[in-house]
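Some notes on the structure that comes next.
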Amino acid sequence: MADCRKQAYSNDYFDFIIPYGEDTAMPDEGACTQPIDEGFDIFYYPRTGVPTVKLGAYTYLETPNCYGLLDRTALEVSGIIRMQNQPTLGLRGSGVMVGFIDTGIDYTNPLFRYADGSSRITAIWDQTIEDGTPPEGISYGAEYTTEELNAALESEDPFSIVPSRDTDGHGTFLAGVACGGEDVENDFIGAVPQAQIAVVKLKEAKQYLREFYFIPESAKAYQENDIMMGVAYLSRLAELFDMPLVICLALGNSMGGHGGEVYLNTYLEEVCKRRRRAIVTATGNEANARHHFQGNFSGEEEYVDTQINVEDAMPGFFVELWAKAPELYSVAIISPTGEELPRVPLQAGAFQEYRFVFEGTIVSVDYRLETQGTASQLAFIRFTNPSRGLWIIRVYPQNLLSGTYNMWLPMQQLLAGRVFFLRSTPDITLTSPGNTEQVITVGGYQAVARSIYADSGRGYPIIGGIKPDFAAPAVEVYGPGLRGNYIRYTGTSAACAITAGAVAQIMEWALVKENRPRLSNAGIKNILIRGAERTNERVYPNREWGYGALDVYHSFELLRQ
């Protein structure tokens, strides 16, 4: 493997995700390959030797997507505290590794140390540090072991020895909620305070991808390939230490057909099937963002208009239209002043770019008639310098069966301004990879009022199945901040961390204590689904709650039957 350290960081190189077995020509000078795991490689290409990343130049899947953080008394209602204090079981995560792929961790916080002051963190892989020693088999970032962390904690200046910092706080909060130790004075304890902790601090997306997806400079955005590398690293680390692993992945985006089309979803499916592995993610916070539109043809209309309101000046945005085979649709675009990009003819790989004179807006339309694994149609529509006002995407049917198609805008954290569908629907707003079948997907609810968190992304996935699997507390969740203080946090990220703790409790009982030594990710999910709290007021499963509210204690009660 060539040393890809320079290429991994440099904006002079394109990143591509390539499955094994594909015959891809690579330039001789400056290019290199970074294996992710069985099935996928990252190819780093010098930008001087290949076409610019734009619509029509590459396949939809090989250009990495960008993912954002799913921002926006919990343990008692989830049954976690009762399992910690149950006299016989006392499940606190002992012997289980909990991995976080996020913004890093404040490793100096006492919540992540043993009573003697030593670190509970097995390792940190900080992808942002360019001059450290990377993990074995990986060309970039810096890895810090427990021994190095302990040496840092014993010094007067820890960060001179281990310079990895969490400057955002998102990763520290999630690690604290899931794995933080007990702080009696501040009435805090994490779900599994005896679990081992492993951390991947993600580097932020390269500038060329931020520009292509119109991601604002202020937004946290992370590349799909770096997330996949993080999953592979944690899996190898758990194998090295011979420990069960649950990964807390509180990241997402609204790209793809919400049926598991992207490579990250494919890879997570494979990892979830491995022995002693589980992955937890969340539905995101897009239900009220008005970023999803579902179109329906009765069979008589010539076309259906979708109105998009652009409220703020911004560099641009994009829209994805997805339809399940054998449905086929073509589009025309009408500007706020009535200027029209005529109907773009539908054919595989068709690409057209049009400049609207009065608006000064460039619109690009790219059709993909077969996407990886689904044969779904994609129309990728990109607006550069959109003027404010109502834009119309006019959708024409070309091959009609059900008459249903779906359109999504990027999630709010990755937009530079306010843009939304006038006639939107809150359903099918769960973010990717929460639409992955094998992954444990959790929505959010308000523990005090026992009502759904209004922004919690809703199911179901386009390809069928039930998502979310269940809901967990996500409103005003109590956890550690960056200054040794405690904060209240709202968002499905918190629900993801709580659920990761519950999964670690089941892993301790089943795998570490060998009560169910062959229990799989699917088996853990089924245990939690069966034990979820359900009320007579609702029909289950449903798009908001899935199969109910997380209750790990009740899940164990049912295991006795």
Side-chain angles (χ1 to χ4, degrees), residues 4-20 22 24 26 31-37 39-47 50-69 101-103 125 127-128 138-141 200-216 219-233 249 251-257 260-271 281 318 320 366 368 371-373 378 380 382 408 410-411 413-414 431-436:
C4 295
R5 181 185 293 265
K6 171 186 174 183
Q7 291 88 335
Y9 294 102
S10 175
N11 198 52
D12 293 332
Y13 291 83
F14 289 148
D15 297 17
F16 297 106
I17 304 172
I18 306 296
Y20 285 156
E22 288 198 2
T24 303
M26 188 164 60
C32 71
T33 304
Q34 168 67 67
I36 295 177
D37 205 338
F40 293 98
D41 283 335
I42 305 170
F43 282 7
Y44 297 106
Y45 283 59
R47 294 177 64 173
V50 295
T52 301
V53 169
K54 63 179 180 179
L55 295 176
Y58 304 101
T59 71
Y60 176 78
L61 294 177
E62 66 188 15
T63 300
N65 290 334
C66 288
Y67 291 73
L69 305 174
I101 302 173
D102 215 278
T103 64
W125 175 32
Q127 296 181 354
T128 69
I138 300 175
S139 289
Y140 63 103
V200 175
K201 179 179 178 179
L202 292 167
K203 68 180 180 69
E204 292 207 37
K206 290 184 177 181
Q207 187 61 31
Y208 82 89
L209 282 173
R210 300 182 74 99
E211 292 171 356
F212 177 70
Y213 293 122
F214 300 112
I215 298 170
K220 300 286 185 181
Y222 307 100
Q223 291 182 202
E224 182 179 5
N225 51 307
D226 289 325
I227 298 170
M228 294 170 72
M229 284 299 308
V231 173
Y233 168 77
L249 190 58
L251 301 162
N253 71 23
S254 291
M255 298 180 70
E261 295 83 2
V262 298
Y263 283 146
L264 175 60
N265 295 39
T266 303
Y267 181 51
L268 295 181
E269 284 278 300
E270 192 274 325
V271 173
T281 190
F318 62 89
E320 292 187 352
D366 180 33
R368 301 299 167 98
T371 53
Q372 178 88 7
L378 164 65
F380 192 100
R382 191 170 183 267
W408 287 277
M411 70 180 196
Q413 291 95 316
L414 301 182
T431 51
S432 177
N435 42 41
T436 307

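Looking at T266 and F40, their side chains come closer than 4.5 Å, going by heavy atoms from C-beta outward. Side-chain contact check for L61 versus I17: every heavy-atom pair is 4.5 Å or farther apart. Using a 4.5 Å heavy-atom cutoff, the side chains of Y44 and D15 are in contact.
Scanning for ring pair (Phe, Tyr, Trp, His ring centres under 6.0 Å) contacts around Y233 gives W125, with sequence neighbours left out. For Y213, the side-chain hydrogen bond (donor to acceptor under 3.5 Å, both in side chains) test picks out no residue, with sequence neighbours left out. For N65, the side-chain hydrogen bond (donor to acceptor under 3.5 Å, both in side chains) criterion is met by no residue, not counting sequence neighbours. D226 is linked by a side-chain hydrogen bond (donor to acceptor under 3.5 Å, both in side chains) to Y140, K203, counting only residues two or more places apart in sequence or in another chain. Applying the salt bridge (Lys or Arg N to Asp or Glu O under 4.0 Å) rule to E270 yields the partners R274; only residues at least two apart in sequence or on another chain are considered. The side-chain hydrogen bond (donor to acceptor under 3.5 Å, both in side chains) search around T103 returns D166, not counting sequence neighbours.
Across Y9 and G141, no two heavy atoms sit closer than the pair OH-N, 2.9 Å. Minimum interatomic distance between D102 and L69 (heavy atoms only, all atoms of both residues): OD1-CD2, 3.8 Å. Pairing each heavy atom of L209 with each of P64, the nearest pair is CD2-O, 3.9 Å.
Counting only distance, with no hydrogens or angles, the side chain of E320 and the backbone of G256 share a donor-acceptor pair below 3.5 Å. A donor-acceptor pair under 3.5 Å is formed between the side chain of K206 and the backbone N or O of Y13. Checking side-chain atoms of T281 against main-chain N and O of L249 turns up a donor-acceptor pair under 3.5 Å. Between the side chain of R210 and the backbone N or O of A219 there is at least one donor-acceptor pair closer than 3.5 Å. For R368 (side chain) and F380 (main-chain N/O), no donor-acceptor pair under 3.5 Å exists by modelled atom type. A donor-acceptor pair under 3.5 Å links the side-chain atoms of N11 to the main chain of Q207, judged by distance alone.
The line from CD of Q127 to CE of M229 is 7.5 Å long, rounded to the nearest 0.5 Å. Considering CE of M255 and OG1 of T431, their distance stands at 13.0 Å, rounded to 0.5 Å. To the nearest 0.5 Å, the span separating CG on L264 from OH on Y67 amounts to 4.5 Å. Distance CG/L251 to CD/E224: 12.0 Å, rounded to 0.5 Å. Atoms CZ and OG1, from F16 and T63 in turn, are 5.5 Å apart once rounded to the nearest 0.5 Å. Between the CE atom of M411 and the SG atom of C66 there is a distance of 10.5 Å, given to the nearest 0.5 Å.
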Is there a ring pair (Phe, Tyr, Trp, His ring centres under 6.0 Å) between F318 and F214 once you walk through the steps?
CA-CA 8 Å; F318 62 89; F214 300 112; 7.6 Å; no
Apply side-chain contact (heavy atoms from CB on, under 4.5 Å) to residues D37 and V231 and explain how you reach the verdict.
CA-CA 9 Å; D37 205 338; V231 173; over 6 Å; no
